[in-house]
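Below, chain A is the first sequence line, B the second, and so on; all start at residue 1. Computed from a predicted structure; not experimentally measured.
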Amino acid sequence: MATRTEIRLFDSAARAVRPFVPVHAGEARMYNCGPTVYDRQHIGNLYAYIVADVVRRTFEYFGYRVTQVMNITDVGHIVDDADAGEDKMALGARRTGKDPLRIATEVTQQFMADRHKLNILDPHVMPKATEHVPLMIELIQKLIDKGHAYLAADGVYFDVTTFPGYGTRLNAEPPEERMAGARVEVNENKRHPNDFALWRAAKPGDLQQWDSPWGKGNPGWHIECSAMSMKYLGDTFDIHSGGEDHLFPHHECEIAQSEAATGKPFVNYWLHVRFLRVDNEKMAKSKGGFFTLDDISEWGYDPLAFRLLALGTGYRKSLDFTRAAMDQAQRRLERWRRVVAEAYAATGGRVTEPEPDYGVRKGFNDALADDFNTPKALAAAEMALNLAGSDDAAIRERALWLLFDMDRVLGLSLRDAATKEDVLSSEERRLFDERERARRAKDFTRSDELRDELLERHGIRVMDTKDGARWERVAKGA
RNA sequence: GGCGACGUAGCCAAGUGGUAAGGCAGAGGUCUGCAAAACCUUCAUCGCGGGUUCGAUUCCCGCCGUCGCCUCCA
């Protein structure tokens with residue numbers, strides 16, 4: 001058995017690329033910070049999960065047994081600072097007039113549907129916060145028992161002074177400094193301004209509350225991730241991912257409470273995805289550029305074009321989402337599909353595995369293993385794409401094998417593109433046939449009109465070949 | 001104010017101390033009734049100014065610009 005390819009990844013804690021050494025040989029256990037399911041996920045959220053998906057697929061591609069856990073946060077958390085404000089689930093509930101759990105269920109279903117359209121694999125475990133409250137309470141109690149947490153008038157807080165280096169594992173700037181220039185409302189109940197809530201005492205009107213040794217209330221924002229990740233992956237596990245926004249405070253809090261509780265290292269590799277921006281600004285409802293996957297579809301793009309766009313930029317560089325960039329990704333995807341379909345037809349579906357050190361294959365693998373360099377991997381795949389158009393059958397068969405193999409990571413449904421029986425609707429067929437008749441009759445004016453109509457209104461691109469007209473489905477008006 | 005990231009061709013985007021992958025668009029050509037597709041050819045000295053070096057886009061310093069974090073957020 002050949003030695004497993006060494007994967008190197010950027011670890012936010014080390015602030016450097018490090019070779020991956022698993023806790024359990026041959027395994028990769030990863031936790032992705034999941035969504036708070038109070039509102040529709042936008043493409044920025046989805047982008048982060050595409051990245052997590054590529055990470056998971058890369059480990060599987062290189063032969064690791066992966067356990068991927070993603071939480072579903074169906075407990076509301078404070079909207080603004082500290083203890084003031086309304087929680088998000090309550091906000092959603094009030095806005096829609098539905099109860100929190102119903103919203104959570106609906107939003108989760110929508111989220112999963114979006115993920116499936118983007119070929120994001122389902123995590124092996126998707127724990128819900130509401131189903132793990134007792135576990136969180138247990139963890140909080142442990143922290144109290146160990147002297148890391150204390151009971152205050154409005155809840156239980158983690159005492160950051162008991163955890164040396166709090167807030168500096170993933171961040172260069174110590175919490176004290178960052179607080180200096182920022183406005184922070186002082187909560188008189190806390191012993192230290194940086195102490196964070198583990199448990200919040202129920203307030204009148206709270207829709208979600210649980211009994212606890214400290215009275216009715218609900219869990220703090222950070223504790224669920226510690227409780228659930230350690231339950232499903234062990235006290236120390238390999239990879240924890242999330243958006244760059246979680247560098248502080250969320251992940252710092254997770255580290256503090258987890259390690260304080262277990263006395264063991266919590267996570268070996270921290271992976272943070274840079275935000276997707278829209279027209280060069282962070283996506284936020286308040287700024288207007290707030291898009292969902294449905295918007296992308298309505299504009300005529302294939303959801304997988306968005307996946308391809310995401311793959312086209314390194315995850316540690318912010319991806320600027322623009323219509324122009326989507327156009328480019330869409331065209332790129334269409335070309336991939338066309339080439340693969342033609343190669344498949346030309347080889348009669350035969351594929352041949354090339355040697356492991358076959359240049360293109362190696363280039364692709366090296367790129368992926370190098371901190372998931374998907375833009376470079378795409379370039380390697382595009383070389384395979386060129387080979388797939390070769391006149392040499394042996395080369396084509398190997399290229400096709402490679403493309404299908406690469407697609408285990410890329411997730412662009414290339415096999416479907418090659419094999420899927422797409423048929424024209426009766427209307428499309430009628431136009432297509434009519435154009436053929438007009439063309440044979442040398443009525444080029446009419447035939448060109450119909451060709452334009454098929455493209456503009458139906459997204460059918462017609463191409464004439466020696467063997468007659470062929471068609472393919474593309475974005476409308478492309 | 002503090003901390004951090006980024007600035008590569010029209011656009012998206014890799015990358016390296018020794019004169020810069022790939023994609024999209026564009027230009028020319030072959031093909032075509034015309035197109036499309038395909039194929040061939042073509043298209044950048046890497047924000048600005050210093051410094052280190054035989055040599056910097058790649059290292060250091062300064063500047064300018066953009067973005068993010070410091071508050072819920074992928």
Distance between the P atoms of B:rG49 and B:rA38, in whole angstroms? 41 Å
With a non-hydrogen cut-off below 4.0 angstrom, is A:R316 in contact with a base, only sugar-phosphate, or nothing? nothing
Integer angstrom distance from the P of B:rC34 to that of B:rC11: 35 Å
Work out how far the P atom of B:rC48 is from that of B:rU57, and round it to whole angstrom. 10 Å
When the P atoms of B:rC63 and B:rA20 are compared, how many Å lie between them, rounded to an integer? 31 Å
Which whole number of Å gives the distance between the P atom of B:rU45 and that of B:rC3? 36 Å
Indicate, with a heavy-atom threshold strictly under 4.0 Å, whether A:R435 touches base, sugar-phosphate, or nothing. base
A:K317 side chain near B:rG7 phosphate (N/O to OP1/OP2, under 4.0 Å): yes
Contact class for A:N373 vs. all strands (heavy atom < 4.0 Å): base, sugar-phosphate, or nothing? sugar-phosphate
Base partner of B:rA25, which must satisfy Watson-Crick or wobble distances under 3.5 Å: none
Using a cut-off of 4.0 Å on non-hydrogen atoms, how would the nucleic acid contact of A:G242 be classed: base, sugar-phosphate, or nothing? sugar-phosphate
Could you check whether A:H250 gets within reach of a base, just the sugar-phosphate, or nothing at all, counting any heavy atom under 4.0 Å? nothing
Using a cut-off of less than 4.0 Å, is there contact between a side-chain N or O of A:K282 and OP1 or OP2 of B:rC69? yes
Mind checking A:E244 for me? I need base, sugar-phosphate or nothing, with any heavy atom below 4.0 Å counting as a touch. sugar-phosphate
Integer angstrom distance from the P of B:rU16 to that of B:rG47: 15 Å
Ignoring backbone atoms, test whether A:R331 places a side-chain nitrogen or oxygen under 4.0 Å from the OP1 or OP2 oxygen of B:rA25. yes
Does B:rC67 have its OP1 or OP2 closer than 4.0 Å to a side-chain nitrogen or oxygen of A:S318? no
How is A:S447 classified with respect to the nucleic acid when contacts are heavy atoms under 4.0 Å: base, sugar-phosphate, or nothing? base
If we take the P atom in both B:rG15 and B:rG68, what is their distance in whole Å? 23 Å
Euclidean distance for P, B:rC46 against B:rU41 (whole angstrom): 26 Å
Under 4.0 angstrom, heavy atoms only, what part of the nucleic acid is A:G389 near: base, sugar-phosphate, or nothing? nothing
Pick base, sugar-phosphate or nothing for A:L276, based on heavy-atom distances below 4.0 Å to the nucleic acid. base
Just to be sure I understand the rule, does A:N280 reach a base, reach only the sugar-phosphate, or reach nothing, if contact means heavy atoms closer than 4.0 Å? sugar-phosphate
Pairing partner (Watson-Crick or G-U wobble, both distances under 3.5 angstrom) of B:rC72: none
Evaluate the criterion side chain to side chain donor-acceptor pair (under 3.5 Å) for residue pair A:S413 and A:N119; output intermediate values, then yes/no. CA-CA 8 Å; A:S413 296; A:N119 277 170; 2.7 Å; yes
Presence of A:R338 side-chain N/O under 4.0 Å of B:rA38 phosphate oxygens OP1/OP2: yes
